[in-house]
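Numbers restart at 1 for each chain; the letters A, B, ... are given by sequence-line order, proteins then strands.
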Protein chains: 2
Amino acid sequence: MTQPRKATIYDIARLSGASPSTVSAALSGAWKARRISESTVETIRKIAAEQGYATNMQARGLRQARSGLVGLIIPVHDNRFFSSMSQSFEAQARDRGLVPVIASSLRDPAEEMRIVETLASYAVEYLFVAGATDPDSISAFCNAAGLRHIFVDLPGNGGPSVISDNHRGATDLAEKLLAEKPDLPQEARNKIYFLGGNRSSHATSRRIEAFRAALTRHGTPPSPEQIITCGYAPRSAMREIAALMDRLGGLPAGLFVNSLTAFEGVLGHFVNLPPEAFAQSVIGCYDYDPFAAYLQFPVHMVRQNSNHMIEQAYALIDRGINDARVIEVEPELIQPRTIYKGLFGEMG
Amino acid sequence: MTQPRKATIYDIARLSGASPSTVSAALSGAWKARRISESTVETIRKIAAEQGYATNMQARGLRQARSGLVGLIIPVHDNRFFSSMSQSFEAQARDRGLVPVIASSLRDPAEEMRIVETLASYAVEYLFVAGATDPDSISAFCNAAGLRHIFVDLPGNGGPSVISDNHRGATDLAEKLLAEKPDLPQEARNKIYFLGGNRSSHATSRRIEAFRAALTRHGTPPSPEQIITCGYAPRSAMREIAALMDRLGGLPAGLFVNSLTAFEGVLGHFVNLPPEAFAQSVIGCYDYDPFAAYLQFPVHMVRQNSNHMIEQAYALIDRGINDARVIEVEPELIQPRTIYKGLFGEMG
DNA sequence: AGCGGTTGCACAATCGATAGTGCAAGAGAT
DNA sequence: ATCTCTTGCACTATCGATTGTGCAACCGCT
């Protein structure tokens, strides 16, 4: 109610008797370098506080050709893997005095590109792209625009990438599925299925490689029908698992679900099954969700270390690295029916 | 590689032979009003496209005193309720040609206030605040700064609010817990517990009211120890449920968990229990998570309609409403072991 | 040819902050 | 008292876009 419009350095200058440039220096912290006396600074600070002054970041950004913004593009918000990443990204951005802007592309390349352009328009200082659907176009654009960018989760060829060690994570998970229980004959036990994801994505193809290699090591290379890459949408995963169970007359000995979203779809089907249906099966999911860790049946989950991935990405930026190197971060296999300890580590 | 720096309207002006103001009009869409010929516009558009021109939003924002940004503050990202809200918020922001900026406060009032100030510095056009911890301070600041704001999930006194009908949702859930199974004597069956949240928050206090009223209707008003408001942190919820089960020698006949984060903590304890432990209990949780819908024991969940809440909030903005009215949106009780249909509705 | 009315565009001010530069007043040295 | 520094600050241009205003050129008409 004091003022309808926000106070500017000109208002503060008028009220304090100083010039706008002095006010700017006083409030921006540049006053020492500009030899403004401490007493003047104090006066100005007091008046600024009274007036509720706040720097107009658009003006500062325009003048400095910087914005103080960092962008992160993720496929979706409502997914534990990406929302955890958002949480880490935001915390680390703040630690650096940057303001995080997070946008979701819904895995649509056109939307993704539009977001990149929008964020560039706002002069974000760095752009993190998680789960990029079209990394090359993004790099082309960013390199032309002089925008530093870094890929997370899925790698790109036009800039540095931090991804998780998908081969390792998938190997661990596949071996787990093969090693666990069912008192089935060896051959039946090896008949495990891979479900979800997109073959053209780097992560999925690495995971499939690992899956295939694990089965091969165990003496029974998978047939093509054992690898069902039906995308990430819950609905299609639900359709596929239903069709598969129809064909097999029940669950396979093991199921490797390739993302939380696909897993949601799988659950959409499981919901109709009796508990006994799971007796002869082992279920695994690449990615972790604390609730999924306590379902009716045990689920082996791979927890990607999104916090560490973001740390590494910021570290690359700090080191001024712009070339197309790839850094891999180790994921962790979580025992079924356990809640990840880190979840409780830093709280209360 | 074309240019190290981004092209500006001055560059386009030089290349096209037009003046900067003409270029601006051509590219911003104002050319008709400014009587720029269509052929000139075409030429300019072509050159702009070649140069990869993109409007500098900081400059535009400075000049127009608008930014094209809308802010949303949520407590945390990695929670299904809030991340779903983010998803809705983002989609609806884009529909309006606005760029969403989402920040999390971690339920820290100081951090929350800092975020409000930061977003104000960037001249966001509207500010949505979900789960506000200190709504009055936010309103005071925003009203002084001329920043339109709206509360979601938790109401405020200094601006319009869209919240869910907590009393209704909690009544439905409490009645469900009271109605379900156990073949216990009436009195033991009525001994259900409320766990989590913060008494000083409006949502929690309304839910407690409803909880209390439901028990009273059934003839056994709750004793104080039946209502455990231990905040939202998983860790403290875990501690409290452990302590409670210690006191009771097992689970109570019913447990009303007051948030997903608290529920995570509860699961952290349940993880150590045998399946039989749940035989005589009914579990409910205020808020919905698709994975939680398929745990070892059935869980009754209340799904708040965050998408509709965001719609209503935008509608208030459109209608130019700034007073402190409160709009309530109906939540939905989800049957255990069902996956919310909407989850699959709009996908592939 | 002269006149009022469009067309199509250029000029210049402006948004708020920052940064290069210049200058008066005071301190210190001789 | 003069000269040289230093201190403390004001002036002014600038970032890139938008917008109010002015003005030639051209049109049709008389």
Regarding [X], tell me which of base, sugar-phosphate or nothing describes its non-hydrogen contacts under 4.0 Å with the strands shown.
X	value
A:A30	nothing
B:G17	sugar-phosphate
B:R35	base
B:T8	sugar-phosphate

Measure the distance from [atom1] on [X] to [atom2] on [N] and round it to the nearest whole Å.
X	N	atom1	atom2	answer
A:D11	C:dC15	CG	P	11 Å
B:W31	C:dT7	CH2	C1'	14 Å
B:Y122	C:dC15	OH	C1'	18 Å
A:I9	C:dA19	CD1	P	12 Å
B:M57	C:dG16	CE	P	17 Å
B:E38	C:dC9	CD	C1'	16 Å
B:I44	D:dT18	CD1	P	12 Å
A:R63	C:dA19	CZ	P	6 Å

Side-chain N or O of [X] versus OP1/OP2 of [N]: is the shortest distance under 4.0 Å?
X	N	answer
A:T22	D:dA10	yes
B:T40	C:dC9	yes
A:Y53	C:dA17	yes
B:S19	C:dC11	no

Checklist entry - Of B:R34 and A:S24, whose nearest nucleotide on DNA chain C comes first from the 5' end? => result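 Here B:R34 is the residue nearer the 5' end.
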Taking the side chain of [X] as its heavy atoms from C-beta onward, which of [options] lies nearest to it?
X	options	result
A:S37	C:dC15, D:dC9, D:dT12	D:dC9
A:R60	D:dA10, D:dC9, C:dA17	C:dA17
B:Q64	C:dG16, D:dC9, D:dT18	D:dT18

Next on the checklist: Is the distance from the ring center of B:Y126 to that of B:Y314 below 6.0 Å?
Outcome noted: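 They do not qualify: ring centres at least 6.0 Å apart.
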Next on the checklist: Tell me whether A:R114 is salt-bridged to A:E117, with the criterion being a basic N under 4.0 Å from an acidic carboxylate O.
Outcome noted: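 So A:R114 does not pair with A:E117 through a salt bridge.
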Checklist entry - Below 3.5 Å, does any donor atom in the side chain of B:S21 face an acceptor in the base of C:dC11, or the other way round? => result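 Answer yes: a donor N or O sits under 3.5 Å from an acceptor.
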Next on the checklist: Quick check against the 3.5 Å criterion: does B:E125 have a side-chain atom that pairs as donor or acceptor with the backbone of B:V70?
Outcome noted: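 Not confirmed, B:E125 side chain does not pair with B:V70 backbone.
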Next on the checklist: Treating B:Q304 as the side-chain partner and B:F81 as the backbone partner, does any N or O pair qualify as donor plus acceptor under 3.5 Å?
Outcome noted: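 Checked: no pair found.
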Item to check | Residue whose closest nucleotide on DNA chain D lies nearer the 5' end, B:A25 versus B:A59 | outcome: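 Its nearest nucleotide lies further toward 5', so the answer is B:A59.
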Next on the checklist: Under a plain distance cut-off of 3.5 Å, with no hydrogens placed, do B:T118 and B:S121 share a side-chain donor-acceptor pair?
Outcome noted: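 No, B:T118 and B:S121 have no side-chain donor paired with an acceptor closer than 3.5 Å.
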Next on the checklist: Using side-chain contact (heavy atoms from CB on, under 4.5 Å), reason through A:E38 and A:W31 one step at a time and then give a plain yes or no.
Outcome noted: CA-CA 8 Å; A:E38 193 144 4; A:W31 58 276; 4.0 Å; yes
